[in-house]
Amino acid sequence: MPYLRVALDVPLPRLFDYWLDSATPADIGRRVVVPFGSRRLVGVVLAILAEPEYEASAIKPAEAVLDDMPALPAPVLGLFQFCADYYQHPLGQVVHTALPTRFRDPNPYRVAEALRYHALDSVALQAQVPKRAALQQRLAQLLATPRSEAELRAAGGTAWKTVQAWLQDGRVRAEQLQPGASVAAPGPALNIEQAEAVQAISAAQGFAAFLLHGITGSGKTEVYLNAIAAVLARGEQALVLVPEINLTPQLEARFLRRFPGVDIVSLNSAVADGERAAGWVRAARGEASIVLGTRLAVFTPVPRLGLVVVDEEHDASFKQQDGLRYSARDVAVYRARQAGVPIVLGSATPALESWQNAEAGRYRHLRLSQRAVVGAQPPQWRLLSTKRQPLQDGLHARTLAALGERLARGEQALVFLNRRGYAPVMHCGECGWMAACTRCSARLTVHLRERTLRCHHCGDEAPLPRVCPGCGNQDMKPLGQGTQRLEDTLAERFPGARILRIDRDSTRRKGSFEAALQAVHAGEVDILIGTQMLAKGHDFPNLTLVAVVGADSGLYSADFRASERLYAQLAQVAGRAGRADKPGEVILQTDFPEHPLYQALLDDDYAAFAATELAERKLAGFPPFLHQAVLRAEADRLDDALAWLRQAALLAPLSEAVTVWDPVAAGMMRLANRERAQLLVQSTARSRLLAFLAEWMVALRAQKAGKVRWSLDVDPLEL
DNA sequence: AGCACGCCGACT
DNA sequence: GTCGGCGTGCTC
């Protein structure tokens with residue numbers, strides 16, 4: 001059977017045939033180097049054929065099948081095919097996005113061995129190392145028992161360099177990893193709800209999807225850890241997906257502590273290419289027991305898969321926004337079903353898609369309504385109406401008073417404003433001129449410190465004008481509140497307070513975010529000002545007040561998902577307030593204190609919010625009650641993009657089950673000098689929509705695009 | 001997507 | 001006379 005069917009990283013919805021005398025079925029799933037036009041490419045063998053489908057005389061010989069990577073097993077290849085079909089993406093490109101980048105290189109990959117390191121004599125080593133070298137002392141201690149590279153690296157700083165040096169002089173030895181059942185270190189006792197959740201997950205026979213809805217602080221992670229422990233005890237592997245945030249190191253450390261000596265593979269953008277490939281290989285060989293990674297990790301071969309976990313399953317970072325626009329959460333569900341294993345989707349504020357799946361009985365609802373730490377109180381919400389109240393620099397008198405109280409008590413406070421910069425608008429009171437980006441349809445944000453106007457969409461920058469470009473007026477005013485302005489305001493109001501702003505601007509330098517968190521933990525900060533970045537997961541024991549400013553913009557947005565995102569964000573940031581011994585308070589300044597979203601937050605009643613929201617969506621005909629896909633087009637001129645989409649609409653196959661809307665300019669019509677338009681199609685029947693899209697794509701690909709760039713987004717998160 | 005081939009304008 | 005502009009067409 002001398003022919004190979006090869007997946008190549010080219011935007012063509014087909015595979016390519018090559019011949020190779022030595023081809024055997026064992027080559028399926030392996031890397032192969034082939035000539036392609038004038039290039040040399042790396043492909044993946046998807047099938048072995050006796051006869052090619054392509055014209056035999058035109059077939060070129062493959063250069064070599066590489067056996068430096070474990071062959072992709074059939075289920076993973078099936079997963080790729082599913083993604084290609086579902087997201088209407090060329091199979092070859094699916095395969096290549098799913099593979100660690102290191103494997104796109106035609107040079108053979110040298111497989112790193114999975115090693116464990118331990119000191120020949122830990123006590124002696126501790127004695128040899130200088131007492132003050134805390135890191136080395138700690139390493140010497142750790143090395144008393146065999147440790148993985150990841151565990152040692154987690155010790156921080158130059159840990160790995162030190163271990164390598166000890167390896168060189170023979171004080172530390174490396175040995176081959178012995179895969180096998182492991183024992184988890186004891187964790188805290190579970191409360192009844194947690195125990196029941198773990199029990200339900202562990203008792204699942206075959207595929208079962210669980211929606212683990214647990215309020216902030218209810219100990220979802222403990223449920224994962226216990227369910228995973230049961231999986232590892234059976235000698236199976238666990239796949240854990242986490243959002244793309246700077247929180248992964250903490251979670252990783254927690255896993256390492258709980259499962260000492262277990263090979264835990266980390267797959268995220270902070271992990272270097274080589275290490276990622278090495279971890280991927282260990283997972284694929286079944287040596288690593290836990291794969292902990294961001295959305296890309298969903299494609300990792302895991303031969304003895306026993307459980308899939310998607311933490312913070314509502315998080316938007318599970319959806320890739322370019323190329324293969326997949327939802328790792330949805331792919332994970334498919335994968336669990338395919339492997340016949342349980343999957344746990346965990347969140348304090350589940351995606352309404354998941355919530356509806358639970359309501360419909362497709363997922364099993366597990367609820368954690370208690371705080372895991374005994375005695376811990378939920379934060380106390382206070383809605384401050386800003387309707388008639390005169391604000392002082394954007395702050396309510398009672399907000400200022402609450403901040404003052406915290407300062408007096410020596411406790412920390414967080415002011416949450418999800419808008420960086422000094423002010424969102426530069427405005428001329430005389431002629432009404434506003435600073436707008438020349439390349440995008442967006443306002444420019446005032447950055448007073450740098451004396452610039454910046455576009456937060458394309459990154460373009462202009463000097464701050466002294467006089468109005470419209471009328472020459474010298475009295476230009478920054479309008480509205482940004483974190484920088486808030487910082488100035490608070491510094492003025494609380495002269496003695498130590499104020500720290502944490503946003504993308506203040507943490508641009510590498511390591512500065514970590515340094516800032518460190519400062520907060522060390523008690524060097526009284527008032528924190530933060531955006532989005534700070535909302536997630538970081539616990540500050542001495543933080544007892546969260547004041548939310550400017551949240552109302554999410555209430556009446558054109559985007560039907562805005563309120564869902566707002567709820568999630570506010571619930572998350574509220575979770576930053578208070579610890580076991582210190583009850584937290586959350587203040588929210590709003591023009592709409594009676595709004596049901598805020599009322600639901602007040603009662604910590606996500607179920608009520610979800611019910612109202614879903615009822616509205618059902619009435620309005622929005623997901624999850626129907627399924628959508630968006631065809632996007634961009635060109636130098638809006639007319640070209642719209643014209644292409646109109647043509648595309650004409651090519652749409654006739655289908656009673658599918659509605660094709662008129663092309664419209666995109667919400668952000670102009671971005672980085674490109675004009676964007678889109679066309680929405682939707683259907684209540686997912687399978688009908690899929691069939692429609694498949695047929696449509698054939699016609700669209702045959703259509704010449706000219707200067708128009710287009711893409712299809714199935715299950716879009718943003719329209 | 002690359003990359004080659006191809007046919008028309010200002011340079012050593 | 002050639003270098004190079006990017007239109008269009010193909011890749012097993």
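Protein chains get the first letters and strands the later ones, always in sequence-line order, with residue 1 at the start of each. In this text, all values refer to a predicted model and were calculated from it rather than measured experimentally.
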Trainee: Give a yes or no on whether a salt bridge exists between A/Asp713 and A/Lys319, defined as a side-chain N under 4.0 angstrom from a carboxylate O.
Mentor: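 Counted as a salt bridge, because a side-chain N and a carboxylate O are separated by less than 4.0 Å.
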Trainee: How about A/Phe299 and A/Tyr326: are their ring centroids closer than 6.0 Å?
Mentor: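 Yes; A/Tyr326 has its ring centre under 6.0 Å from that of A/Phe299.
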Trainee: Locate the shortest heavy-atom distance separating A/Leu444 from A/Cys437; write the atom from each residue and the value.
Mentor: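 In this case the closest contact between A/Leu444 and A/Cys437 is CG-N, 3.6 Å.
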Trainee: Checking side-chain polar atoms at under 3.5 Å, does A/Glu313 have a donor or acceptor matched by the opposite partner on A/Ser354?
Mentor: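 Indeed, the side chains of A/Glu313 and A/Ser354 share at least one donor-acceptor pair under 3.5 Å.
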Trainee: Give me the distances for all protein-to-nucleotides 6-8 of chain C N/O pairs that come in under 3.5 Å?
Mentor:
none

Trainee: Side chains of A/Thr531 and A/Asn418: is there a donor and an acceptor less than 3.5 Å apart?
Mentor: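 No.
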Trainee: Would you be so kind as to tabulate the donor-acceptor pairs closer than 3.5 Å made by side chains of residues 646-669 of chain A, with sequence neighbours excluded?
Mentor:
from     : atom 1 : to       : atom 2 : distance (Å)
A/Ser655 : OG     : A/Ala657 : N      : 3.3

Trainee: Could you label the plane-to-plane angle of the A/Phe692 and A/Trp696 rings as parallel, tilted or perpendicular, counting under 30° as parallel and over 60° as perpendicular?
Mentor: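 Geometry flag for A/Trp696 against A/Phe692: tilted rings.
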Trainee: Nearest whole angstrom, please: distance from the C1' of B/dG2 to the CZ of A/Arg709.
Mentor: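 In whole Å, B/dG2 C1' lies 13 Å from A/Arg709 CZ.
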Trainee: Is there any protein nitrogen or oxygen under 3.5 Å from a nitrogen or oxygen in nucleotides 10-12 of chain C, and what are the pairs?
Mentor:
from   : atom 1 : to      : atom 2 : distance (Å)
C/dT11 : O3'    : A/Gly37 : N      : 3.3
C/dC12 : OP1    : A/Tyr18 : OH     : 3.3
C/dC12 : OP1    : A/Pro35 : O      : 3.3
C/dC12 : OP2    : A/Gly37 : N      : 3.2
C/dC12 : OP2    : A/Lys60 : NZ     : 2.4
C/dC12 : O3'    : A/Asp17 : O      : 2.6
C/dC12 : O3'    : A/Lys60 : N      : 2.9
C/dC12 : O2     : A/Asp17 : N      : 2.8

Trainee: Could you check whether A/Tyr109 and A/Phe103 have their ring centres less than 6.0 Å apart?
Mentor: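 Under 6.0 Å, so yes.
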